[in-house]
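Worksheet for the structure shown next.
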There are 2 protein chains.
Amino acid sequence: MKTQQILLARRPQGAPVPEDFRFVETELPEPEYGEVIVAHRFLSLDPYQRGRMDDAKSYSAPVALGAVMECQAVGQVAASRDGRFQEGDWVLGGFGWQSHSVRPAHALIPIDPTEASPSTALGVLGMPGLTAWVGLEDIGQPKAGEMLVVSAASGAVGQVVGQLGRIRGAKVVGIAGGAAKCAYVKDTLGFDAAIDHRGDLDAQLDAACPGGIDVYWENVGGAVQAAVFPRLNEFGRMVMCGVIAQYNTASGLAAHGAPPGPNLGPVVRKRLRIQGFIVSDNGWKRYGQFRAEMLDHIKAGRMQYREDVAMGLANAPAAFIGMLEGRNFGKQVVALD
Amino acid sequence: MKTQQILLARRPQGAPVPEDFRFVETELPEPEYGEVIVAHRFLSLDPYQRGRMDDAKSYSAPVALGAVMECQAVGQVAASRDGRFQEGDWVLGGFGWQSHSVRPAHALIPIDPTEASPSTALGVLGMPGLTAWVGLEDIGQPKAGEMLVVSAASGAVGQVVGQLGRIRGAKVVGIAGGAAKCAYVKDTLGFDAAIDHRGDLDAQLDAACPGGIDVYWENVGGAVQAAVFPRLNEFGRMVMCGVIAQYNTASGLAAHGAPPGPNLGPVVRKRLRIQGFIVSDNGWKRYGQFRAEMLDHIKAGRMQYREDVAMGLANAPAAFIGMLEGRNFGKQVVALD
């Protein structure tokens with residue numbers, strides 16, 4: 001049995017290009033006792049994977065040159081040598097950008113496909129959804145009547161952030177790129193307003209947030225951050241989830257050489273809190289509570305979500321490159337088979 | 001009975017100059033029933049008073065043009081029309097830059113001069129000390145073995161921050177200006193190392209903090225902040241207490257027009273927390289606990305402090321201007337009488 005794989009061929013210089021990836025087909029090893037073969041159905045493409053392509057110190061080791069690109073994925077058991085799994089069972093794991101893999105059964109997380117579509121385990125019910133929930137619980141803490149602004153608002157994390165904020169009674173403004181995403185944010189997700197970051201950010205923020213901003217969910221950095229920061233109210237919170245606009249600059253994640261950020265003087269006077277977090281630190285411990293809440297919201301029609309599905313493993317690099325440029329519309333996944 | 005006063009004559013353009021202040025002598029009103037006359041003995045000069053001189057939105061109203069400059073002060077009751085106070089009693093209050101004032105008795109805080117020198121109610125046992133204690137309790141939270149770096153380390157707040165950090169078992173490095181302050185920080189206050197910000201900051205930080213920095217206490221902003229920020233470790237905390245290096249630029253406290261700050265990309269990856277606070281928000285509620293702890297430390301010889309005493313009300317403006325330039329050495333007060 002063979003697996004098709006996307007390897008990291010070389011480390012990107014700035015924005016990744018197709019030549020940074022290599023498509024190969026290799027023989028799968030025979031599963032040992034206690035192992036299963038998983039046929040992957042959906043791969044998750046997420047901005048953090050850009051960081052894994054650099055050989056830089058970070059919270060997690062880089063992907064080695066020539067190794068399979070990392071990602072979470074859902075799949076179905078194709079053959080089992082473990083009593084816990086049968087052919088056809090849906091499972092979640094860190095399977096990587098490939099079509100099949102052999103895994104120890106203890107490393108698989110079972111998924112119930114009757115409860116929600118399996119791909120949601122990569123999005124609204126998975127890491128991006130949990131990221132939104134943890135960051136709001138621990139840092140953002142929007143209160144009823146407060147103003148919450150979310151960047152990358154139609155993306156995997158942003159759409160959940162805004163809807164959770166609405167459920168908690170906050171006013172929510174989403175920032176997205178282009179008319180279609182803005183319409184989705186306002187009309188489908190039910191945000192109070194949507195702002196197109198390709199337009200005049202200052203004028204749109206003035207109109208949408210006349211009383212200032214209490215919580216800013218940062219997914220992007222750059223010009224959006226520069227426009228939002230001066231509008232933070234006293235005791236404002238800035239949830240630092242990502243700075244995707246900077247991931248493709250060689251120095252985007254470094255402190256030296258990166259473009260400057262806001263002067264921090266107002267942090268004192270306004271008693272601001274700017275805090276970063278990584279969901280894998282302690283988020284998964286609370287997955288049960290998160291999942292129960294989210295399933296309630298979904299069943300009650302309070303939580304919409306949208307996926308952007310690329311077809312076929314060979315299209316994963318292009319989908320990933322596009323996502324880093326904001327060309328995805330919703331949670332980016334790759335459907336296999 | 002007369003009082004001598006320093007008024008705000010005009011709003012400074014950048015750094016305050018003597019002409020921004022006016023010295024006057026005026027008649028005190030007769031105290032009403034329930035009021036006392038206070039003869040001020042020590043005025044407290046603090047960097048936050050620079051902000052009060054600007055007509056800018058802040059957490060507290062500006063001093064009006066022609067009004068007495070604001071400050072806390074300690075004094076002695078010179079005449080009392082209230083049963084709670086007798087002539088000679090030591091009291092604390094927001095008396096302003098003046099020699100005498102008439103105050104309602106209920107607004108006075110009694111001071112016990114046998115417990116500690118009355119001027120300490122303006123420093124180590126007063127607002128600056130409480131600031132240090134609250135910021136470490138709520139934001140900095142240095143743990144044993146962690147590296148705590150303090151800017152303006154020989155100042156009113158910095159000296160207490162560093163000593164409290166040492167008491168909690170942290171390694172403490174102080175940043176100060178010049179050899180005398182650095183010697184005081186290391187030898188008298190017992191910090192692990194002192195760094196002269198007039199020298200090569202990067203080289204000195206490399207030498208003093210080879211394992212990076214876990215907590216940075218920010219009193220100054222500017223070049224010191226720029227050198228410290230990239231050295232923050234994962235889960236580092238930046239306690240934003242003040243940015244005195246920026247107070248004299250017209251735009252220093254504003255978000256627009258101020259010099260840029262650090263790129264915030266590393267805040268995500270390192271899970272940093274950057275948080276501002278103002279001690280008057282909720283610090284005084286915990287004054288009792290703070291004072292008890294600090295008196296213990298002082299009696300046990302664990303807490304040293306130094307005051308820089310300017311003589312006479314007429315010298316208050318020069319002392320204040322000098323403090324903003326870092327020319328004070330220890331907590332700046334003005335002795336009257």
Side-chain angles (χ1 to χ4, degrees), chain A residues 47-48 51 56-60 135 138-139 202 218-219 221-222 225-232 234-247 249 251-279 281-282, chain B residues 47-48 51 56-60 135 138-139 202 218-219 221-222 225-232 234-247 249 251-279 281-282:
Chain A
Y48 77 85
K57 196 182 167 207
S58 187
Y59 56 93
S60 155
D138 293 355
I139 305 172
D202 286 311
E218 175 63 293
N219 280 323
Q225 180 185 94
V228 168
F229 185 78
R231 294 177 161 83
L232 286 170
E234 290 194 351
F235 302 100
R237 290 134 272 159
M238 191 159 152
V239 186
M240 299 291 298
C241 178
V243 286
I244 192 171
Q246 299 175 195
Y247 288 172
T249 58
S251 56
L253 292 166
H256 282 306
N263 184 292
L264 296 179
V267 173
V268 182
R269 177 171 57 78
K270 293 185 178 179
R271 295 81 125 193
L272 303 181
R273 178 177 179 181
I274 303 169
Q275 188 165 353
F277 78 108
I278 303 285
V279 68
D281 284 338
N282 58 24
Chain B
Y48 77 86
K57 195 182 167 206
S58 189
Y59 56 93
S60 147
D138 293 355
I139 305 172
D202 286 312
E218 176 62 292
N219 280 322
Q225 181 185 94
V228 168
F229 185 78
R231 292 178 163 81
L232 286 170
E234 289 194 350
F235 302 100
R237 290 133 272 161
M238 192 158 153
V239 187
M240 298 293 297
C241 178
V243 286
I244 193 171
Q246 299 175 195
Y247 288 172
T249 58
S251 56
L253 291 167
H256 281 306
N263 184 292
L264 297 179
V267 173
V268 182
R269 178 171 57 79
K270 293 184 177 179
R271 295 82 122 193
L272 303 181
R273 178 177 178 181
I274 303 170
Q275 188 165 353
F277 78 108
I278 303 285
V279 68
D281 284 337
N282 58 23

Task: Step-by-step salt bridge (Lys or Arg N to Asp or Glu O under 4.0 Å) determination, A:R237 to A:D138 - done: CA-CA 11 Å; A:R237 290 134 272 159; A:D138 293 355; over 6 Å; no

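For the residue pair A:F229 and A:P266, the shortest heavy atom distance occurs at CE2-CG, 4.5 Å. Across every non-hydrogen atom of B:F277 and B:G135, the tightest pair is CZ-CA, 3.6 Å.
For A:L264, the parts sitting under 4.5 Å from any heavy atom of chain B are the backbone and the side chain alike. Residue B:Y48 does not touch chain A at all, counting heavy-atom pairs closer than 4.5 Å. When heavy atoms are compared at a cutoff of 4.5 Å, B:E218 does not approach chain A at all.
Across A:M238, A:Q275, A:R271, the residue that shares the most heavy-atom pairs under 4.5 angstrom with chain B is A:R271. For the options A:G242, A:G261, A:P260, A:P262, heavy-atom pairs under 4.5 Å to chain B are most numerous at A:G261.
Rounded to the nearest 0.5 angstrom, A:K270 NZ and A:L232 CG are separated by 6.0 Å.
Legend: residues meeting side chain to side chain contact (heavy atoms under 4.5 Å, CB included) with A:V268, ordered by chain and number and at least two apart, are B:M240, B:I278.
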